[in-house]
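Structure, as C-alpha cells:
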Amino acid sequence: MMHLIAAYLPLVVLIGLMGKKNSMASSRALPLCAVMAWWLSLTVFDQNLRELNATVASGMLLALTPLSIIAGAIFLFRTMDVTGALDTIRTWLNQISHNPIAQLMIVGWAFAFLVEGASGFGTPAAIAAPVLYSLGFPALRVAVFCLIMNTIPVTFGAVGTPIWFGFSVLELTPQALHAIAWKAALVNTLAAPFIVIAGLALVLEERRAILSNLVFILLSTFACTLPYLLLSTISVEFPALAGGAIGLFITLMLARRGIGLAREHNRPSPTGAIAPRTLIKATFPLWGTVLVLILTRIHQLGLKQLLQRDHPALHVSLGPLGDLHLSAALVVSLDDIFLTDVAWQHSLLYVPSLVPFILIALLTLIWFRSSATRQVARQTFDSLRAPFPALLGALVFVNVMMLGGEASPVARIGHHLAGLSGQNWPLLAPILGALGSFFSGSATISNLTFAAIQSSIATQSGLDPTSILALQGVGAAMGNMVCINNIVAVTSILALKHQDGVILRKTALVLILYATIAGLAGALLLPHV
C-alpha cells in the first residue's frame, strides 16, 4: 500500500498545484514534483542513488528535444511575422471565408491533421497556433483549441510510428497490427465530431455559431477521418498523413463555396485577390515545412535513415559523466551516464527544429530579402526563458516516475487501475494510454510503456487483446491534450504567461468526454468488430 500511495502522490500533487483556480506556474510546480518523485524513489522505492541520478541527468538532457522544437517554431513564427507572410496568409484566408469556424477548421483541424501525419513531436500546434492567433483569435483559446485538435491523428502520428513502433515490444502478427489500427481509427472516427465541437466551443465567443455552421463542421471533420478510417484497413503508416491531405483539400473547397456555412457569417473580405506568386511566396513557410517533413519522414525515401544515422561517430570519454558520441549526421549521444546503463540521444537534424523550422525560416528571410535575422533570433531567445525550467522539471519528473520497469510508479498506477476495473477494463483502458502521454508527451512512448501491461490485462480478463491495444492507442493520442510538455510548448510559442493550469483544466474536461466515448465504444462496439 505504501508503494501505491507513493506512486500516486507526485501525480496528485502536480494536478492539485496546476489544476486549482489560482494555479502554480508550471515552471515551479514541475521542478517541485520532480524533486518529490526523486525523494520517493530513493526512500520508498529504494532505487540505486547512482542510477536515479543518471535518470535525472538523462531527463534534463531530454528536455533539449522539446526546447529545440519550441525554439525552431518560434523562430519560424517570428520570421513569418517580420516578413509580412502572416499578413498575406491572413488576407488569403479571409478571402476564402470570413467565417471564423471555417478558418479554425482549415488551420486548426485539417492542416494540423496533415502536419501530425508528417511529423508528430507536437509540431501541429506549433505551426497552427501562431497562424490562428494572427487571424485575431485570443491566444489562450487558440492554445486550448490546438491542443484538443492535435489528438485524433496522433494515434498514427508521424507515418504510423505510434502503431508500428509503439507496439513493437509485442510480437504481433501483421493481421493483429492491422486489426489494432482499424479499431483505433474506428473509435477515433466516432469520437471526432464530439471532440471537434468541444474544441470549437472553447475557442469561439459565440457558441451559437456552431449550430448554424454544423453541416460544414461535420463535413470537414469526416473529410479527414473517413479517408483515415479507410486507409487504416490497409496501412498503418499513412492514415493521418493522407487523411489530412484529403481533408484539407476538401475543407478548403467547402469553405470557398460556403457549403454548410451560415451566410451571415461568411462574408468575403473586400480586399483584392492575391496574386498566385505572392501567395506561394507567403505560404512557403507552411508548405515548405510540410514538404521537408514528408521527405524526411517517409522511410522509403531514405532521408529518414540518413538523418538518424549514428555511425560512424566521434567518441569522447567524459569520465564518470559518460561517453559522448557525435555522428556525421549530427546525432549526439551520451552512454553510460554516471557509469550506469542509462543513455541519452538527440538527432539534431531529425528532431523538427534545425530541419525544417530553422532551415525554412532562413530560406524565407532570404526569399523576402529581410535583414531581421538578429531580431528574430533575439525574440526567440527571450521566449525560451519561461519554458526552460518547466521542461527541465517535466522531463526529470517523467523519467523518475518511469524508472523501474514493471515496478515503476507509472506501472504500479496502471496495474492498480486494472485491478479496480476487472471485466470493465475497456472503460478504463484509454485512461491508461492517456496517462502515459501525460507523463511522456509521446503517444509512441505511452504505447511502448503500457502495451505489455494492456495485453496482459486483456489475456487475464478474457478480453480481445487487439481491442484493448486499440484503446491504448486511442488513449495515448487523447493524452496529448493534457501533456504538460505540449501545454508549455504552445504557451511559449504564443507568449502566454502563467496560463498552464487554466489550459490544463479546460483540456481535462474534453479529455473526460473523449475517454467516455472511447471507453463506451470499447465496451459496446469493439467486441463485435
Side-chain angles (χ1 to χ4, degrees), residues 30-31 33-35 37-38 41-42 47-72 120-123 158 161-162 165-166 168-169 304-355 384 387-405 408-410 436-437 439-449 483-486 488-489:
L30 285 164
C33 290
V35 171
W38 178 90
S41 292
L42 187 64
Q47 294 288 354
N48 177 274
L49 181 60
R50 178 178 291 178
E51 185 175 2
L52 181 58
N53 288 337
T55 300
V56 170
S58 174
M60 296 176 74
L61 290 170
L62 280 171
L64 291 175
T65 297
L67 280 169
S68 63
I69 294 171
I70 293 170
F121 283 104
T123 310
T161 303
F165 182 67
S168 63
V169 292
K304 178 178 179 178
Q305 301 91 300
L306 183 64
L307 296 180
Q308 292 182 310
R309 184 174 296 173
D310 54 7
H311 292 288
L314 174 68
H315 305 272
V316 178
S317 176
L318 301 180
L321 295 179
D323 296 324
L324 183 67
H325 309 274
L326 179 65
S327 75
L330 298 185
V331 176
V332 58
S333 60
L334 186 64
D335 298 333
D336 305 323
I337 300 175
F338 296 160
L339 305 180
T340 68
D341 293 333
V342 179
W344 163 80
Q345 187 177 83
H346 182 79
S347 303
L348 284 168
L349 298 181
Y350 184 73
V351 171
S353 179
L354 293 176
V355 179
L384 290 176
F388 184 75
L391 288 171
L392 280 181
L395 271 299
V396 170
F397 178 67
V398 166
N399 264 21
V400 172
M401 290 292 287
M402 297 179 75
L403 178 63
S408 69
V410 171
S437 294
F439 278 115
S440 66
S442 166
T444 301
I445 293 178
S446 177
N447 290 344
L448 286 168
T449 303
C483 168
I484 303 299
N485 298 6
N486 293 342
V488 171

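- Annotation for Ala158 and Pro162: closest pair N-CD, 4.4 Å, computed over non-hydrogen atoms.
- Counted by atom type alone, Trp344 and Asp335 present zero donor-acceptor pairs between their side chains at under 3.5 Å.
- Across every non-hydrogen atom of Met401 and Ser408, the tightest pair is O-CB, 3.7 Å.
- Using a distance-only test at 3.5 Å, with no hydrogens or angles considered, no donor-acceptor pair links the side chain of Ser446 to the main chain of Ser442.
- Residues Leu392 and Met60 come closest through the heavy atom pair CD2-O, 3.6 Å.
- In this structure, Leu318 CG and Asp336 CG are separated by 11.0 Å, a value rounded to the nearest 0.5 Å.
- Formation of a donor-acceptor pair under 3.5 Å by the Thr449 side chain with backbone atoms of Ile445 is found in this model.
- Side-chain contact check for His346 and Thr65: at least one donor-acceptor pair (N or O, by modelled atom type) lies under 3.5 Å.
- Using a 4.5 Å cut-off on side-chain heavy atoms (C-beta onward), Leu354 and Ser68 make no contact.
- Looking only at side-chain heavy atoms (C-beta outward), Leu403 and Glu51 come within less than 4.5 Å of each other.
- Thr55 contributes atom OG1, which lies 8.5 Å from atom CD1 of Ile337 (distance to the nearest 0.5 angstrom).
- For Pro409 against Val400, the heavy-atom pair with the smallest separation is CD-O, 4.3 Å.
- Using a 4.5 Å heavy-atom cutoff, the side chains of Val316 and Asp323 are not in contact.
- The backbone N or O of Arg309 lies less than 3.5 Å from no partner atom in the side chain of His311, so there is not a single donor-acceptor pair.
- Here Arg50 contributes atom CZ and Thr340 contributes atom OG1; the two are 8.5 Å apart, rounded to the nearest 0.5 Å.
- Taking every heavy atom of both residues into account, Leu349 and Val355 meet most closely at O-CB, 3.5 Å.
- In this structure, Leu64 CG and Ser353 OG are separated by 10.5 Å, a value rounded to the nearest 0.5 Å.
- Proximity of Leu324 to Val332: side-chain heavy atoms (C-beta onward) are separated by under 4.5 Å at one or more points.
- Contact detail for Gly322 and Leu334: the closest heavy-atom pair is C-CD1, 3.9 Å.
- For the pair Leu326/Val331, no side-chain contact is recorded, criterion being any heavy-atom separation below 4.5 Å from C-beta on.
- Under the side chain to side chain contact (heavy atoms under 4.5 Å, CB included) test applied with Gln345, the options Leu62, Leu61, Asp310 reduce to a single match, Asp310.
- Taken to the nearest 0.5 Å, the OH atom of Tyr350 stands 5.0 Å off from the CD atom of Gln308.
- Expressed to the nearest 0.5 Å, how far CG of Leu395 lies from CG of Leu67 amounts to 8.5 Å.
- Between Phe439 and Phe397, the ring planes are tilted. Angles from 30° to 60° get that label.
- Leu391 has its side chain within reach of Pro387: a pair of non-hydrogen atoms, C-beta onward, lies under 4.5 Å apart.
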